[in-house]
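One-based numbering along the sequence shown. Atoms within a ligand are numbered from 1 in the order they appear, just like the ligands themselves. Source: prediction; values computed, not measured.
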Amino acid sequence: METFCFMFVSANFLLLFSKYSNATENITLSDSIIDGTNSTLVSKDGKFEFGFFSPGKSSNRYLGIWYKAIPTTVVWVANRRNPISDTSGILMMNSTGNLVLVSGNKSVVWSLNLNKVAQNPIVRLLDSGNLVLRDEKDTNSGNYLWQSFDYPSDTLLPGMKLGWDLKTGLDRRLSAWNNPDDPSPADFTWGIVLNGNPEGYIWKGSVKYYRSAPWNGLGNSGSPSLKENQLYEFSFVDNENEVYYMYNLKNKSVISRIVLNQTGYSRQRYVWNEETRTWKLYSSVPRDACDAYGLCGPYGNCIPTESPVCQCLKGFTPASPENWKSAFWSDGCKRNNLLKCENGEGFVKFVGLKLPDTTHSFVNRSMNLKECRVTCLQNCSCTAYTTLDIRGRGSGCAIWFGDLIDMRLSASGQDLYIRMSASDLEAKVEAKVKIPVIIATTIAIGFGMLIIGYYIRRSRANLREKTENKENDDQEQDEQPEDLELPLFDLIAVSNATNKFSIDNKLGEGGFGPVYKGTLEDGQEIAVKRLSRSSGQGLKEFKNEVILIAKLQHRNLVKLLGCCIQGDEKMLIYEYMPNKSLDNFIFDQMKGKLLDWSKRFNIICGIARGLLYLHQDSRLRIVHRDLKASNILLDQEMNPKISDFGMAKTFGGDQTEGNTNRVVGTYGYMAPEYASDGLFSTKSDVFSFGILLLEIISGKRSRGFYHPSRGLNLIGHAWTLWKEGEPSGLIDPFLEQSCNLSEVIRCIQISLLCVQQHPEERPSMASVVLMLGSEKELPQPQKPGFFKDRGPTEANSSSDKLESNSTNEITFSLEAR
Ligand SMILES: *[C@@H]1O[C@H](CO)[C@@H](O)[C@H](O)[C@H]1NC(C)=O
Ligand SMILES: *[C@@H]1O[C@H](CO)[C@@H](O)[C@H](O)[C@H]1NC(C)=O
Ligand SMILES: *[C@@H]1O[C@H](CO)[C@@H](O)[C@H](O)[C@H]1NC(C)=O
Ligand SMILES: *[C@@H]1O[C@H](CO)[C@@H](O)[C@H](O)[C@H]1NC(C)=O
Ligand SMILES: *[C@@H]1O[C@H](CO)[C@@H](O)[C@H](O)[C@H]1NC(C)=O
Ligand SMILES: *[C@@H]1O[C@H](CO)[C@@H](O)[C@H](O)[C@H]1NC(C)=O
Ligand SMILES: *[C@@H]1O[C@H](CO)[C@@H](O)[C@H](O)[C@H]1NC(C)=O
Ligand SMILES: *[C@@H]1O[C@H](CO)[C@@H](O)[C@H](O)[C@H]1NC(C)=O
């Protein structure tokens, strides 16, 4: 009976295979593969073969796929769990189009889980090594009813997906063979987990063994390298349909595979060497001790070159110091200062890290880094954030909740912003502000040298300078401010008006060059801002100012009368302000007396209105970025006019903040988030306004103010007096007779609200204008930014001294990356 049955099934088959020298490309309804007959299915290019085999020293029979040229390297096994003990196995296609493997006693050893009946089923072994079943009636050649790539064994071949088909719920994972003689699935597995931010893990049993870290657009921060390699390219797809990892070989004739190896508990990538006919190990993970999952515990950073390898991140100390010393690191590290989810908390950027486990995490692809930060700050359980996709300027938002684990220093590591307590941050901010101080001072010193050097070099550089200027001119053609309806002044007229730019007519130095006073033929007084020829940056600022200010009209903004662009000369012509700038008055013992409190209050309100116009009401939304006393000009009636738009930035529509690599501004007025992170917004102007307010009230310069006995800067001084209930101690002694004390104290309170550490806590200029105009109760200010409550260190004190010696504030720029 048995024999009869066998003969019946294989009749067609034997016929077929005798013709095709016992290897074929497809199995149809009428065919089968019978063990013991050397019959196999071979891919078209002859690379892969599918049939019965016995692994290693075992005599058990399995159905599988191997390299035809390397028969001992099996890449896929059908009946991993159910070997056939003899050569009685038959693979056939039954009448409903299912592939069925039966053993000699006719029991089904293995079959496909098909949920569809194919009318014209055909099984092929593709050149990729993928065994596919499709319905020939289906015109779409890519539609498979089943494919072996969806049910991996221990090998990931090029083009094979590791991960999820979210529509069907299919999760493609690899599992190692138990041993070379037994392909049954071992406990060593590799797959992708759909965390908030999906990532790959390798497990030993149910324990995480290795983690690749989430995809960042280029690779994984925990993988060996993001660097281009000659062998393969790889991708990670994460969309609503699929989440998977895949690689492809660059040279299709190279033979390479990734295999999970139970013996060494490693994931290995091999390349076949045809000459020696051996597999060459290309790479393998885990690479080192630091790749062991969670070795250093929460907030531990594994640094392979350190001894011991586990180090606590800065701001953290070992949770169990005794264990830590004995190299039991799994307890990890704890914060020096606990998070209380209070105001003043912020983030410290750690660089070059393998990003922590994303089990408790969240992503948003449309948020930028700034929004990401805000989102994280708003949720008390959020502990870290970073960019989701590091390509280009970076995009998206990844956020972590709870303890951060499994970080290491990695060549492909990334930036991670970890939440820190207010006290941890203060130390950090202090460390950071020193840098701009030093740079500003260096520029001040360097200026003198430049001038000397300029004359020496001038003759030599003449030729080069000319060609450069020509280039600049060419570039400028596109952006000539011709369509701005701005009157053009004749160079000769301007030159005559300013006495040929006589030194006697020089009023001072603006953002991009000297400013001269002039009188036009009709008697009108003008101020001429001349772009210095040597300034490359100045050209950019010049254009910026022309474009911006030509569109602005406000009583508290300086009025641009026109410009003059002729040859190398570029100039802006303003209405002349006979009283020059605010700093000439408030910081001068004698002239200060000309500004009593009512005049100062009028000036404060004027600046506030001008700024509100810039921020809200003008056609463009503008952040000035360099608000300071010397940029507030005063007209005949001591009305304030905001000037110098060289640094200003416009915002489109609803945008309220920006980020820049080039931090420009004046130390002493810059908001902390802008000075340290380049984040600017209308709120960074509000901060500068607050400083300006303190200066107007106190008659003291923010820059260079240093309270001798208390070791405080101007903000610190004001804040301390406020906390002590003595705000009137800040008031310029001269003002004390003229002032309305409650109005001044109200202004001090407003200024402290403006200089609060966190931009989101600072009022908008609209609120400031309201506060100035009403008597309604004001909120209590929180701790200000750049507040120094300790005496300066030695290094710090010397730079502070240098600073107070130089009375000229220098607008500096600082490349932040
Ligand atoms: C099966 O493969 C052979 C050899 O390539 C081919 O000639 C034949 O048309 C295939 N059969 C079907 C039904 O596609
Ligand atoms: C199968 O192949 C082996 C070795 O190539 C050979 O010894 C054996 O006779 C073949 N068996 C059949 C049934 O063709
Ligand atoms: C074909 O095989 C599948 C899987 O073993 C089975 O469910 C189905 O009933 C079989 N069809 C026939 C007609 O035997
Ligand atoms: C068929 O043989 C397998 C072993 O190859 C055995 O596990 C199974 O019980 C047998 N089934 C029957 C119906 O004898
Ligand atoms: C691809 O690999 C083959 C075999 O290793 C080699 O002979 C050939 O030169 C390679 N081709 C390219 C373009 O590198
Ligand atoms: C597993 O790795 C060892 C060396 O670590 C190697 O000798 C062996 O061939 C590997 N096994 C597989 C299946 O690649
Ligand atoms: C992502 O962020 C954007 C902008 O903040 C928001 O509109 C959107 O709803 C967020 N998406 C999710 C899924 O949270
Ligand atoms: C913070 O995030 C966690 C995790 O997503 C969420 O469960 C919780 O509701 C959030 N809390 C707030 C206040 O949004």
Distance filter under 4.0 Å to [X] heavy atoms, resulting ligand 3 atoms:
{"X": "Ser95", "answer": "13 (C)"}
{"X": "Asn94", "answer": "1 (C), 2 (O), 3 (C), 8 (C), 10 (C), 11 (N), 12 (C), 14 (O)"}
{"X": "Val100", "answer": "2 (O)"}

> Within a distance of under 4.0 Å, is there any protein heavy atom near atom 9 (O) of ligand 3?
Replying inline: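 Within 4.0 Å: no protein heavy atom nearby.
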### Message
Under 4.0 Å from atom 2 (O) of ligand 8, is there at least one protein heavy atom?
### Response
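When distances to the protein are checked, atom 2 (O) of ligand 8 has a heavy atom within 4.0 Å.
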Under 3.5 Å, side chain of Trp164 to main-chain N/O of Ile192, donor-acceptor pair present?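 At least one qualifying donor-acceptor pair exists.
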| said: Determine whether a donor-acceptor pair (N or O, by modelled atom type, separation under 3.5 Å) exists between the side chain of Asn178 and the backbone of Ser184. | reply: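 Side chain of Asn178 to backbone of Ser184: a pair is present.
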Considering only the protein, which heavy-atom contact is closest to [atom], and what is its distance?
{"atom": "atom 12 (C) of ligand 7", "answer": "Asn364 ND2, 3.4 Å"}
{"atom": "atom 5 (O) of ligand 3", "answer": "Ser111 OG, 3.4 Å"}
{"atom": "atom 7 (O) of ligand 3", "answer": "Asn98 ND2, 4.8 Å"}

ask   = Is the shortest side-chain N to carboxylate O distance from Asp389 to Arg365 below 4.0 Å?
value =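 Arg365 and Asp389: not salt-bridged.
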- Message: I'd like to know if Glu760 and Arg762 make a salt bridge, using a cut-off of under 4.0 Å between side-chain N and carboxylate O.
- Response: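 No, no charged N to carboxylate O under 4.0 Å.
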Would you kindly say whether the two SG atoms, from Cys296 and from Cys333, are closer than 2.5 Å?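 No - the two cysteines, Cys296 and Cys333, have SG atoms at least 2.5 Å from each other.
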Point to revise | Among Val75, Val74, Val77, the one residue meeting side-chain contact (heavy atoms from CB on, under 4.5 Å) with Ser153 | key: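 The passing option is Val77.
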- request: Can you sort out which atoms of ligand 7 are near Ser366, meaning under 4.0 Å from one of its heavy atoms?
  value: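 Checking each atom against Ser366, I get 1 (C), 2 (O), 3 (C).
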Please verify the inter-ring angle class for Tyr151 with Trp146; under 30° counts as parallel, over 60° as perpendicular, anything in between as tilted.
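Because their plane-to-plane angle is under 30°, the rings of Tyr151 and Trp146 count as parallel.
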(message) Below 4.0 Å from ligand 8: does a non-hydrogen atom of Phe362 turn up there or not?
(response)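 It does not, in that no heavy atom of Phe362 comes within the 4.0 Å cut-off of ligand 8.
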Going through the distances and angles, do Arg373 and Glu371 end up as a salt bridge (Lys or Arg N to Asp or Glu O under 4.0 Å)?
CA-CA 5 Å; Arg373 180 185 191 277; Glu371 292 165 330; over 6 Å; no
| query | Is the shortest N/O to N/O distance between Asn379 and ligand 8 below 3.5 Å? | reply |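 So ligand 8 has an N or O lying under 3.5 Å from an N or O of Asn379.
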Look at ligand 7 and say whether Met367 reaches it with a heavy atom at a distance under 4.0 Å.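 It does, in that a heavy atom of Met367 comes within the 4.0 Å cut-off of ligand 7.
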Within 45° cone of Tyr62 ring axis and under 6.0 Å: Arg80 NZ or CZ: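 No; the conditions do not both hold, so Arg80 does not lie above the ring face of Tyr62.
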Heavy-atom distances under 4.0 Å decide this one: backbone, side chain, both or neither, for Cys382 against ligand 8?
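The answer is neither; Cys382 stays 4.0 Å or more away.
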